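Keep in mind that this is a model prediction, so the values were computed, not measured. First the proteins, then the strands, lettered A, B, ... as listed; each starts at 1.
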Number of protein chains: 2
Amino acid sequence: MSGELEPIDQAIVRELAADGRRSFTDLAERVGLSVSAVHQRVRRLEQRAVIRGYTARLDAEAIGLPLTAFISLSPIDPAAPDDYPQRLEHIEEIESCYSVAGDYSYVLLVRVASPTDLEELLRKIRESAKVSTRTTVVLSTPYEGRTPAL
Amino acid sequence: MSGELEPIDQAIVRELAADGRRSFTDLAERVGLSVSAVHQRVRRLEQRAVIRGYTARLDAEAIGLPLTAFISLSPIDPAAPDDYPQRLEHIEEIESCYSVAGDYSYVLLVRVASPTDLEELLRKIRESAKVSTRTTVVLSTPYEGRTPAL
DNA sequence: GCTGAAAATGCCTGGAT
DNA sequence: ATCCAGGCATTTTCAGC
């Protein structure tokens, strides 16, 4: 129903993924359309939530969050309702939350300032969601958040 | 050396993480500074690579990549040089690559259109990097790429 | 849905405090 | 390092095709 994307919309989306601050003038040249046509299409892509927003890509170290980790969650009580993402939503250190198939129910990507903060975060997560955790510390990040192929 | 970030720069960075297309006028109001002062600071944050760029946040499903997975890598030949990220860099389906401590050497986050494409991608990864893989399929994504706490 | 142009807004460079 | 001001570019709307 909504999986399709016209070639021109594809081009627009690709350009905005590469540089989210590109001007409509610039976009128009690159995709070969008038400025107002591009403007219209971008607004529609935003409304359809194909484009969900725009963000600055930050250097985690530079903003004081040099420690990244994956935290995998297992429910302790198998009878408890599966509302873990909600229970954890308020914890700001959690950047992403994935429901996964496999040995664990969820995988979280978290960023903190120090090992001490990671320890405290783990305590908070276990407490908030009644889960056991398995943590994989990220040593370095060769690349991250690259532009998708389209 | 580079771990610090002044309160005003923090505020700017936070605003641009929340909305990467915010105008300088808008930013100036929000952080309580003149437009040109904000302009200057943003330019410097970009130059210092605290801000590494801007990007549109896309709905993976809407752009035709509904299948997300984590792929963990183990070297096959322990004597081979550790240049896996480089060997995999050309594969566009790989969005992120993390070097991790734990049972595996690297974790990749990948996005593809279908299980068939995932199968083919795995073949490509094993071939390019001479590694064995363990794949964790993402069933759903409650949230992703949230703005860091700062 | 695209175009082209007009009006409003915002960008961004200098120069002064 | 911040503010002010001017010219310039961009955004945004609207009428016509």
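Side-chain contacts under 4.5 Å among hydrophobic residues (ILVMFWY), followed directly or transitively, place B:L73 together with A:Y143, B:L67, B:I71, B:Y84, B:L88, B:I91, B:I94, B:Y106, B:L108, B:V110, B:V112, B:L118, B:L121, B:L122, B:I125, B:V131, B:V137.
Under 3.5 Å, the side chains of B:R57 and A:T55 contain no donor-acceptor pair of N or O atoms. In the model, A:R126 has a side-chain atom that pairs as donor or acceptor with a side-chain atom of A:T133 under 3.5 Å.
At whole-Å resolution of the value, CZ in B:R30 and P in C:dG10 are 12 Å apart. In this structure, A:L33 places its CG atom 12 Å from P of C:dG1, rounding to the nearest Å. When rounded to the nearest whole Å, the span between CG of A:L27 and C1' of C:dC2 equals 16 Å. Rounded to a whole Å, the CG atom of B:D19 is 15 Å from the C1' atom of C:dG10.
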Salt bridge (Lys or Arg N to Asp or Glu O under 4.0 Å) evaluation trace for B:D77 with B:K130
CA-CA 8 Å; B:D77 176 5; B:K130 316 290 204 227; over 6 Å; no
Quick one: do A:K124 and A:E120 satisfy salt bridge (Lys or Arg N to Asp or Glu O under 4.0 Å)? Show the steps, please.
CA-CA 6 Å; A:K124 237 194 293 183; A:E120 197 185 324; 5.4 Å; no
In the 5'-to-3' direction, what one-character label does each nucleotide of nucleotides 5-17 of chain D receive under the scheme B = base within less than 4.0 Å of a protein heavy atom, S = sugar-phosphate only, - = no such atom?
-----SSBB----
Distance-only donor-acceptor hits, side chain of residues 11-29 of chain B, under 3.5 Å, sequence neighbours excluded:
from	atom 1	to	atom 2	distance (Å)
B:E15	OE1	B:R22	NH1	2.4
B:D19	OD1	B:R21	N	3.0
B:R21	NH1	A:G20	O	2.8
B:R21	NH1	A:R22	O	3.1
B:R21	NH2	A:R22	O	3.2
B:S23	OG	B:D26	N	3.0
B:D26	OD1	B:R30	NE	2.8

